[in-house]
Amino acid sequence: MNLAAAFTSSAEKNRTRTALCWGEEMYSYETFLSQTRRLAAHLQKNLGVKPGDRVGLWLKNCPEFIPALFGTLMAGGVVVPINNFLKPDEVSHILGDAEVDILITDAVKKNELPQLLACRPQLKVCQVEDLADAGTPAEEVPNETPASRLNPERCESDLAVLIYTSGTTGRPKGAMLSHGNLLANVESCRQVLAAVEADRFVVLLPMFHSFMLCVGVFLPLLIGGSMVLIRSVHPAKNVLLEILHHQATILPAIPQFFRSLAGAPLPKDFPLRVCISGGAPLPAEILREFNEKIPAIPLIEGYGLSEASPVVSMNPLAGPWKAGSIGVPIPGVEITVQNEAGEILPAGQTGEICVRGANVMLGYWNQPEETAKALRSGWLLTGDIGYGDDDGYFYITDRKKDMLLVNGINVYPREIEEVIYKFPGVKEAAVIGVPDSRKGEHALAFVSAKEGAQLEERAILQFVREKLADYKVPRRVVLMPALPRNATGKILKTSLRQQTV
């Protein structure tokens, strides 16, 4: 079994059903299956895609993402979803590291392609707007074509998705997710959410994100459900109108959205049956506010990471729900708390959250040393610090890795610091995370100048903005004579954090 075969089976069974709602446009399973087969044939016949070849998807949320995703898998390729907010420098690194020679993107990125091609001249670019008629006549790829004719034999242990996640080194690493990893995670989530064909999943978060890719795309389409793809999330009222119009039932989102939802006037017949908070910790205040104002709809917190496909735990749908808890492991997944020696700690003791199950990645692409650090005796070391209670619920208390979560997307200070250090006249730089009621967190930079140099906050921010995605750009740069250091010369970020309180 593989993801393309699972999609084909679901689509053939549900040909006339709606697979995706896009405003007033409805896409049936039959439409997506036809487009997927066309694209798969195009990738194989015209672009020479062979089993295991990496194909980049640099797309904003759009209906074409679906045939691009499953068409790549049906051709035997490995999908490399690329954050559509990244700048060409960042994308070029991913393309080079993953050895991507085919990129599926859209017309919006047209002006950024020359920079990518300069770094990777052999890159072949497919524009998503042209994929519905991707060069293969319909008669050559009839709807009745058996999946096996297009879909090379890919088994559960084969690589399916290479998803890049930032690392403490500042350079993103490719987490290798197999067909089996993702199929296992989809099935576990189906059980936890009691998801059925009648469910309609709201998709407002980016589909390149591992959380949305699994829960918002693979899950509904593999069980014969529907996606409600939101055209615009601004203003938030648009999302509510779409949910009402399409009678959506399941809403995965980040905590900040649920604060907005709690403050909105909702009709009594609002169709949602469950809300899932992921991508970042759910503040107890938001949960309390939501439960007070919308008691009829459960808001359950979950936890995951790209390296685990990504869902690891969730508060049970039927309860009890514990505020501040990431819940219990989903079916087929084990969670333990371990010390540095790999010993499992009892309930109540704090250590590193470790995960084991069929959802855990194969490793990091071409990085055996990083893989060895992350996988120990079959356990995935998450880098998150926490504890379990006597009821089997787990809690995250801190992050071992120096990471920020901006709108549910990982941001690592080291990457930002490396860019700031390139600015002329900078002597020292340190970036920390600051709580943000709208985004969860935002970056704040502290900088000191070399002797005799004059620095300007606006110029530094503009420099960073040209190099990194907008969400990584610090909100402010605080200029200091010198940054605080300890006896060994390490910058004391704890002291910097105290200055923001």
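Computed from a predicted model, the values in this text were never measured in an experiment.
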Inset, instruction - Hey, can you tell me if Phe85 and Tyr471 have their rings parallel, tilted or perpendicular (30° and 60° cut-offs)? - result: perpendicular

Inset, instruction - Indicate whether any N or O donor in one side chain lies under 3.5 Å from an N or O acceptor in the other, for Asn181 and Ser309. - result: no

Inset, instruction - Mark yes or no for whether Tyr303, through its side chain, and Gly327, through its backbone, hold a donor-acceptor pair below 3.5 Å. - result: no

Inset, instruction - Please confirm whether Lys109 makes a cation-pi placement over Trp58, using NZ or CZ under 6.0 Å from the six-membered ring centre and within 45° of the ring normal. - result: yes

Inset, instruction - For the pair Glu441 (side chain) and Asp436 (backbone), establish whether a donor and an acceptor sit closer than 3.5 Å, ignoring hydrogens and angles. - result: no

Legend entry - Val100 and Val55, any side-chain heavy atoms less than 4.5 Å apart: no

Legend entry - Lys373 bridged to Glu370 by N-O distance under 4.0 Å: yes

Inset, instruction - Determine yes or no for a side-chain-to-main-chain donor-acceptor pair under 3.5 angstrom, with Asp106 supplying the side chain and Val128 the backbone. - result: no

Inset, instruction - Verify whether one side chain among Tyr364 and Glu307 offers a donor that lies under 3.5 Å from an acceptor in the other. - result: yes

Legend entry - Check: Asn359 side chain, Ala308 main-chain N or O, donor-acceptor pair, under 3.5 Å: yes

Inset, instruction - Would you confirm whether Gln247, through its side chain, and Leu244, through its main-chain N or O, come within 3.5 Å as a donor-acceptor pair? - result: yes

Inset, instruction - Kindly say whether the aromatic ring centers of Phe70 and Phe218 come within a distance under 6.0 Å. - result: yes

Inset, instruction - Would you kindly say whether Asp97 and Tyr164 are connected by a side-chain donor-acceptor distance under 3.5 Å? - result: yes

Legend entry - Min side-chain heavy-atom separation Leu496-Met480 under 4.5 Å: yes

Inset, instruction - Report yes or no: do Ser306 and Ser210 form a side-chain donor-acceptor pair below 3.5 Å? - result: yes

Legend entry - Any Val312 side-chain heavy atom under 4.5 Å of Thr382 side chain: no

